[in-house]
There are 2 protein chains.
Amino acid sequence: MEKINITLKEKGIKPTYQRLKVLDYMSKNLRNHPTVEMIYEELAKEIPTISLTTVYNTLGTFIEKGLVCGVTITGTEVRYDINTESHHHFLCKKCGDIIDVDVPCSLSGKKGELVDGHKIEEIHGYFKGTCRSCI
Amino acid sequence: MEKINITLKEKGIKPTYQRLKVLDYMSKNLRNHPTVEMIYEELAKEIPTISLTTVYNTLGTFIEKGLVCGVTITGTEVRYDINTESHHHFLCKKCGDIIDVDVPCSLSGKKGELVDGHKIEEIHGYFKGTCRSCI
DNA sequence: CACATATATTGTAATAATTACAATATTGCA
DNA sequence: TGCAATATTGTAATTATTACAATATATGTG
Ligand SMILES: [Mn+2]
Ligand SMILES: [Mn+2]
Ligand SMILES: [Zn+2]
Ligand SMILES: [Zn+2]
């Protein structure tokens, strides 16, 4: 938990209790790609007064400072990811899980380069289908 | 316009006036990846009685029948694409345009295969950054 | 053609995720 | 400790989308 405190300070984010807890949750659920709602529900058990707005705000600042990133695959909600390294995802159409996949992609490493004259800042790749637990 | 009529019939979709017009719009704007709102606004000029719900319904059936596909990149809205071949996109953070990019991706052709044990049905790739008109 | 039935369209209301905003509380520093 | 800046909270507003019921249209049959 002290490590999380330091991480926040390093990024110039005031380490409030709520922020510590959100980042702690993200660190412990790094394979989950949780929604705001999931984070809120979990933290509300420990912090009954926490507000959904605070979770939104907190994730917003985390994204700004590069601590997490938003994954928009489902189209209905943002999923959050503490792994900010560019990597690919798999969305299971049955259970809705979003899973990291480790695939070699020819497009990785193109950051800063041009495609068809457009300057690349982010590279996103994902699959949709049926995850191995649901097959 | 007769070609569009035939396309609808081939897919087993009753070729109503509204559906003809939506598909016509999509065919004429294949580089635009329009939103429901954009399609609705445009068609409303010619068909003042058209309903937003109809546009939603129509695009829904088109997706079911494989005539168009939905592109979820922005996170706030679905963009529609009449090009149902798996291809990659570029989202410009400045102007919001979504542009097709023709890049060789090592993941193409993996449909039906497995990644980490998960069965792939769709492959999606996109970049975010600044498009060439906005650089 | 008239009618019956199925399907499509429309308008409105409901839902769900997110953002805006203002009041209150907390933090870090002088 | 006390002040100013910042964070949190609760609520209301916004936006995209879906649900639903009433009306309209299309299609097939006698
Ligand atoms: Mn991930
Ligand atoms: Mn496209
Ligand atoms: Zn699954
Ligand atoms: Zn642009």
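Order of the sequence lines fixes the chain letters, A, B, ..., with proteins taken first and strands second; residue numbering starts at 1 for each chain.
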**Message:** Output the rounded distance in Å from CG (A/Leu59) to C1' (C/dT19).
**Reply:** 14 Å

**hydrophobic_cluster_shared for B/Ile73 and A/Tyr80, side chain cutoff 4.5 Å** = no

**Item:** Any residue meeting ring-ring contact (aromatic ring centres under 6.0 Å, His included) with A/His89, in chain and number order, not counting sequence neighbours
**Value:** A/His33, A/His87

**Message:** According to salt bridge (Lys or Arg N to Asp or Glu O under 4.0 Å), does anything in residues 119-128 of chain B pair up with another residue at least two apart or in another chain? List the pairs.
**Reply:** A/Lys93-B/Glu121, A/Lys93-B/Glu122

**Prompt:** Between atom CG in A/Leu43 and atom C1' in D/dT9, what is the gap in whole Å?
**Reply:** 15 Å

**Fill in**
By nearest-nucleotide position on DNA chain C, the 5'-leaning member of B/Arg19 and B/Pro48 is B/Arg19

**Request:** In whole angstrom, give the distance that lies between atom CD1 of A/Ile63 and atom P of C/dT18.
**Result:** 10 Å

**Asked** Starting at CD1 of B/Ile13 and ending at C1' of C/dT9, how long is that distance when rounded to a whole Å?
**Response** 16 Å

**Fill in**
Its contact letters, B for base, S for sugar-phosphate only and - for none at protein heavy atoms under 4.0 Å, make nucleotides 11-26 of chain D read B----SBBBB------

**Contacts of A/His88 that satisfy ring-ring contact (aromatic ring centres under 6.0 Å, His included) - sequence neighbours left out** = none

**Asked** If you look only at pairs with a residue in residues 18-28 of chain B, which of them pass as a side chain to side chain donor-acceptor pair (under 3.5 Å), with sequence neighbours excluded?
**Response** B/Lys21-B/Glu46, B/Asp24-B/Lys28

**Prompt:** Can you check the B/Leu20 CG to C/dT9 P distance for me, whole Å?
**Reply:** 10 Å

**Any B/Gln18 side-chain nitrogen or oxygen under 4.0 Å from OP1 or OP2 of C/dT10** = yes

**Request:** Output all residues satisfying ring-ring contact (aromatic ring centres under 6.0 Å, His included) with A/Tyr126, sequence neighbours left out; order by chain, then residue number.
**Result:** B/His124

**Asked** Hey, does A/Thr35 reach any base, or is it just sugar-phosphate, or nothing, if we go heavy atoms under 4.0 Å?
**Response** nothing

**Message:** Between P on C/dT27 and NZ on A/Lys9, what's the gap in Å once rounded to a whole number?
**Reply:** 12 Å

**Request:** Write down the distance between CD (A/Glu64) and P (D/dT6), rounded to a whole number of angstrom.
**Result:** 13 Å

